[in-house]
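First the structure, in the form of C-alpha coordinates, and then the observations on it.
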Amino acid sequence: MSSKKITLKSSDGETFEVEEAIALESQTIKHLIEDGCAEGDIPLPNVTSKILAKVIEYCKKQSENPKPEYRIEKEDKPKEWEDDFFQVDWEILLDLIHAANYLNIKSLLDLTCQRVADMMIGRTPEEIRTIFSITNDYTPEEEEEVRRENQWAFA
(Lines give C-alpha, C1' and ligand atoms only; values in the text may rest on other atoms or scores of the structure.)
Protein backbone atom coordinates (compact mmCIF):
# COMPACT_ATOMS: atom_id res chain seq x y z
CA MET A 1 0.00 0.00 0.00
CA SER A 2 1.05 3.53 -0.66
CA SER A 3 2.17 5.58 2.30
CA LYS A 4 0.89 8.82 0.76
CA LYS A 5 -2.22 10.13 2.50
CA ILE A 6 -5.20 11.84 0.90
CA THR A 7 -7.63 13.97 2.88
CA LEU A 8 -11.29 13.74 1.92
CA LYS A 9 -13.79 16.30 3.18
CA SER A 10 -17.46 15.33 3.48
CA SER A 11 -20.40 17.62 2.76
CA ASP A 12 -20.84 18.23 6.49
CA GLY A 13 -17.21 19.30 6.91
CA GLU A 14 -15.69 16.18 8.47
CA THR A 15 -12.28 15.20 7.13
CA PHE A 16 -10.95 11.68 6.59
CA GLU A 17 -7.29 10.97 6.01
CA VAL A 18 -6.89 7.80 3.97
CA GLU A 19 -4.11 5.97 2.16
CA GLU A 20 -3.87 6.99 -1.49
CA ALA A 21 -4.48 3.37 -2.59
CA ILE A 22 -7.83 3.43 -0.78
CA ALA A 23 -8.83 6.79 -2.26
CA LEU A 24 -7.91 5.53 -5.74
CA GLU A 25 -10.74 2.96 -5.56
CA SER A 26 -12.84 5.98 -6.61
CA GLN A 27 -12.37 6.87 -10.27
CA THR A 28 -13.57 10.40 -9.50
CA ILE A 29 -10.84 10.91 -6.89
CA LYS A 30 -8.30 9.15 -9.10
CA HIS A 31 -8.98 11.63 -11.92
CA LEU A 32 -8.78 14.59 -9.53
CA ILE A 33 -5.36 13.39 -8.37
CA GLU A 34 -4.14 12.68 -11.92
CA ASP A 35 -5.29 16.13 -13.05
CA GLY A 36 -3.46 17.84 -10.17
CA CYS A 37 -6.68 19.03 -8.51
CA ALA A 38 -6.08 17.23 -5.22
CA GLU A 39 -3.90 19.65 -3.30
CA GLY A 40 -5.09 19.84 0.30
CA ASP A 41 -8.51 18.49 1.17
CA ILE A 42 -10.60 16.94 -1.60
CA PRO A 43 -14.14 18.25 -1.07
CA LEU A 44 -16.95 15.76 -1.62
CA PRO A 45 -20.05 17.97 -1.49
CA ASN A 46 -22.45 15.13 -2.33
CA VAL A 47 -21.33 12.71 0.40
CA THR A 48 -22.06 13.05 4.14
CA SER A 49 -19.54 11.94 6.75
CA LYS A 50 -21.71 8.97 7.75
CA ILE A 51 -21.81 7.69 4.17
CA LEU A 52 -18.18 8.58 3.44
CA ALA A 53 -17.11 6.47 6.43
CA LYS A 54 -19.02 3.49 4.94
CA VAL A 55 -17.53 4.11 1.50
CA ILE A 56 -14.01 4.24 2.98
CA GLU A 57 -14.70 1.00 4.85
CA TYR A 58 -15.71 -0.62 1.57
CA CYS A 59 -12.70 0.79 -0.32
CA LYS A 60 -10.30 -0.45 2.37
CA LYS A 61 -11.69 -3.95 1.95
CA GLN A 62 -11.49 -3.69 -1.83
CA SER A 63 -7.90 -2.45 -1.78
CA GLU A 64 -6.95 -5.43 0.42
CA ASN A 65 -8.55 -7.89 -2.05
CA PRO A 66 -8.37 -6.30 -5.50
CA LYS A 67 -10.32 -7.91 -8.32
CA PRO A 68 -10.54 -6.70 -11.93
CA GLU A 69 -14.31 -7.17 -12.04
CA TYR A 70 -16.43 -7.71 -8.98
CA ARG A 71 -18.82 -10.66 -8.93
CA ILE A 72 -22.55 -10.23 -9.06
CA GLU A 73 -23.63 -13.66 -10.27
CA LYS A 74 -26.22 -15.22 -7.97
CA GLU A 75 -24.32 -18.51 -7.70
CA ASP A 76 -21.48 -16.68 -5.95
CA LYS A 77 -22.11 -16.39 -2.25
CA PRO A 78 -21.66 -12.93 -0.72
CA LYS A 79 -18.73 -12.64 1.59
CA GLU A 80 -19.52 -12.50 5.27
CA TRP A 81 -18.19 -8.94 5.48
CA GLU A 82 -20.56 -7.92 2.65
CA ASP A 83 -23.53 -9.19 4.62
CA ASP A 84 -22.35 -7.22 7.64
CA PHE A 85 -21.55 -4.15 5.54
CA PHE A 86 -25.03 -4.10 3.99
CA GLN A 87 -26.93 -4.49 7.27
CA VAL A 88 -28.22 -0.94 6.87
CA ASP A 89 -31.61 0.66 6.48
CA TRP A 90 -33.07 1.67 3.15
CA GLU A 91 -32.03 5.34 3.39
CA ILE A 92 -28.37 4.41 4.02
CA LEU A 93 -28.43 1.96 1.11
CA LEU A 94 -29.86 4.66 -1.15
CA ASP A 95 -27.19 7.13 0.02
CA LEU A 96 -24.51 4.50 -0.68
CA ILE A 97 -25.86 4.12 -4.22
CA HIS A 98 -25.67 7.89 -4.74
CA ALA A 99 -22.15 8.06 -3.26
CA ALA A 100 -20.91 5.10 -5.33
CA ASN A 101 -22.29 6.75 -8.45
CA TYR A 102 -20.86 10.20 -7.60
CA LEU A 103 -17.46 8.77 -6.67
CA ASN A 104 -17.52 6.37 -9.62
CA ILE A 105 -16.87 3.18 -7.63
CA LYS A 106 -18.35 0.63 -10.02
CA SER A 107 -18.07 -2.41 -7.76
CA LEU A 108 -19.86 -0.63 -4.89
CA LEU A 109 -22.52 0.70 -7.25
CA ASP A 110 -23.07 -2.79 -8.66
CA LEU A 111 -23.33 -4.36 -5.21
CA THR A 112 -25.68 -1.74 -3.78
CA CYS A 113 -27.97 -1.91 -6.81
CA GLN A 114 -27.93 -5.71 -6.59
CA ARG A 115 -29.00 -5.45 -2.94
CA VAL A 116 -31.95 -3.30 -3.96
CA ALA A 117 -32.88 -5.76 -6.72
CA ASP A 118 -32.64 -8.65 -4.24
CA MET A 119 -35.06 -6.82 -1.96
CA MET A 120 -37.68 -6.89 -4.73
CA ILE A 121 -37.42 -10.53 -5.79
CA GLY A 122 -40.63 -12.47 -5.13
CA ARG A 123 -42.53 -9.47 -3.82
CA THR A 124 -45.81 -8.04 -4.98
CA PRO A 125 -45.98 -4.44 -6.21
CA GLU A 126 -47.75 -3.53 -2.96
CA GLU A 127 -44.95 -5.05 -0.86
CA ILE A 128 -42.33 -3.22 -2.92
CA ARG A 129 -44.19 0.06 -2.46
CA THR A 130 -44.22 -0.52 1.31
CA ILE A 131 -40.52 -1.44 1.51
CA PHE A 132 -39.40 1.57 -0.53
CA SER A 133 -42.07 4.01 0.74
CA ILE A 134 -43.51 4.50 -2.73
CA THR A 135 -46.93 6.09 -2.99
CA ASN A 136 -49.27 4.43 -5.48
CA ASP A 137 -50.35 7.27 -7.72
CA TYR A 138 -52.57 5.10 -9.94
CA THR A 139 -56.30 5.09 -9.55
CA PRO A 140 -57.78 1.58 -9.11
CA GLU A 141 -58.96 1.74 -12.73
CA GLU A 142 -55.51 2.72 -14.05
CA GLU A 143 -53.86 0.01 -12.00
CA GLU A 144 -56.27 -2.60 -13.35
CA GLU A 145 -55.53 -1.46 -16.90
CA VAL A 146 -51.77 -1.77 -16.33
CA ARG A 147 -52.24 -5.24 -14.85
CA ARG A 148 -54.36 -6.28 -17.84
CA GLU A 149 -51.83 -4.93 -20.37
CA ASN A 150 -48.91 -6.57 -18.57
CA GLN A 151 -50.37 -9.85 -17.32
CA TRP A 152 -47.05 -11.59 -17.94
CA ALA A 153 -45.46 -9.53 -15.17
CA PHE A 154 -48.14 -10.37 -12.61
CA ALA A 155 -48.35 -14.13 -13.21
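Under a 3.5 Å cut-off, the side chain of T130 and the backbone N or O of E126 do form a donor-acceptor pair. Side-chain atoms of E127 come within 3.5 Å of backbone atoms of T124 as a donor-acceptor pair (strictly under, hydrogens ignored).
In terms of heavy-atom proximity, K30 sits nearest to L24 at CA-CD2, 3.7 Å. Here the shortest heavy-atom pairing between F16 and S49 reads CZ-O, 3.5 Å. In terms of heavy atoms, A100 sits closest to L109 at CB-N, 3.5 Å.
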message: salt bridge (Lys or Arg N to Asp or Glu O under 4.0 Å), that's the test. Do K61 and E57 meet it? Break it down for me.
response: CA-CA 6 Å; K61 200 66 168 174; E57 176 187 349; over 6 Å; no
- request: In sequence, state the C-alpha distance, the side-chain angles, and the governing distance for R129 and T135, and then conclude on side chain to side chain contact (heavy atoms under 4.5 Å, CB included).
  value: CA-CA 7 Å; R129 282 190 203 105; T135 304; over 6 Å; no
message: Please determine whether salt bridge (Lys or Arg N to Asp or Glu O under 4.0 Å) holds for the pair E17 and K4, giving the CA-CA distance in whole Å, both sets of side-chain angles, and the decisive distance to 0.1 Å.
response: CA-CA 10 Å; E17 189 175 84; K4 184 176 178 186; over 6 Å; no
- request: Please step through side chain to side chain contact (heavy atoms under 4.5 Å, CB included) for the pair L96 and Y58, ending with a clear verdict.
  value: CA-CA 10 Å; L96 281 170; Y58 174 82; over 6 Å; no
- request: Show your reasoning for whether side chain to side chain contact (heavy atoms under 4.5 Å, CB included) applies to R148 and E145.
  value: CA-CA 5 Å; R148 221 179 6 264; E145 181 181 339; 3.9 Å; yes
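With contacts defined as side-chain heavy-atom distances shorter than 4.5 Å, the pair Q27/I105 does not qualify. Looking at heavy atoms from C-beta onward, Y102 lies in side-chain contact with L44 at the 4.5 angstrom threshold. Put simply, the side chain of D95 does not reach to within 4.5 Å of the side chain of K54, judged on heavy atoms. Counting heavy atoms from C-beta outward, C59 and I22 have side chains that approach closer than 4.5 Å. Under the 4.5 Å side-chain criterion, counting only non-hydrogen atoms from C-beta, I42 is not in contact with T7. In this structure, the side chains of T112 and F86 come closer than 4.5 Å at one or more pairs of heavy atoms. The closest side-chain heavy-atom distance from S10 to L52 is below 4.5 Å. Under the 4.5 Å side-chain criterion, counting only non-hydrogen atoms from C-beta, M119 is in contact with I131.
Summarising the geometry, atom CG belonging to L8 is positioned 8.5 Å from atom OG belonging to S26; distances are rounded to the nearest 0.5 Å. Atom CD1 of I51 sits about 9.5 Å away from atom OG of S11, to the nearest 0.5 Å. For the atom pair OG (S63) and CD (E20), the distance works out to 12.0 Å, reported to the nearest 0.5 Å. Note that CD of E142 is 3.5 Å distant from OG1 of T139, once rounded to the nearest 0.5 Å. Here L103 contributes atom CG and H98 contributes atom NE2; the two are 12.5 Å apart, rounded to the nearest 0.5 Å. Atom CD1 in I92 sits 13.0 Å away from atom CD in Q87 (nearest 0.5 Å).
Hydrophobic cluster membership differs between F132 and Y138, with clusters built from Ile, Leu, Val, Met, Phe, Trp and Tyr side chains linked at under 4.5 angstrom. When the side chains of ILVMFWY residues are joined at heavy-atom separations under 4.5 Å, either directly or via intervening members, I128 and V146 end up in two distinct hydrophobic clusters.
Under 4.0 Å is where a charged nitrogen must lie from a carboxylate oxygen, and between R115 and D110 no such pair does.
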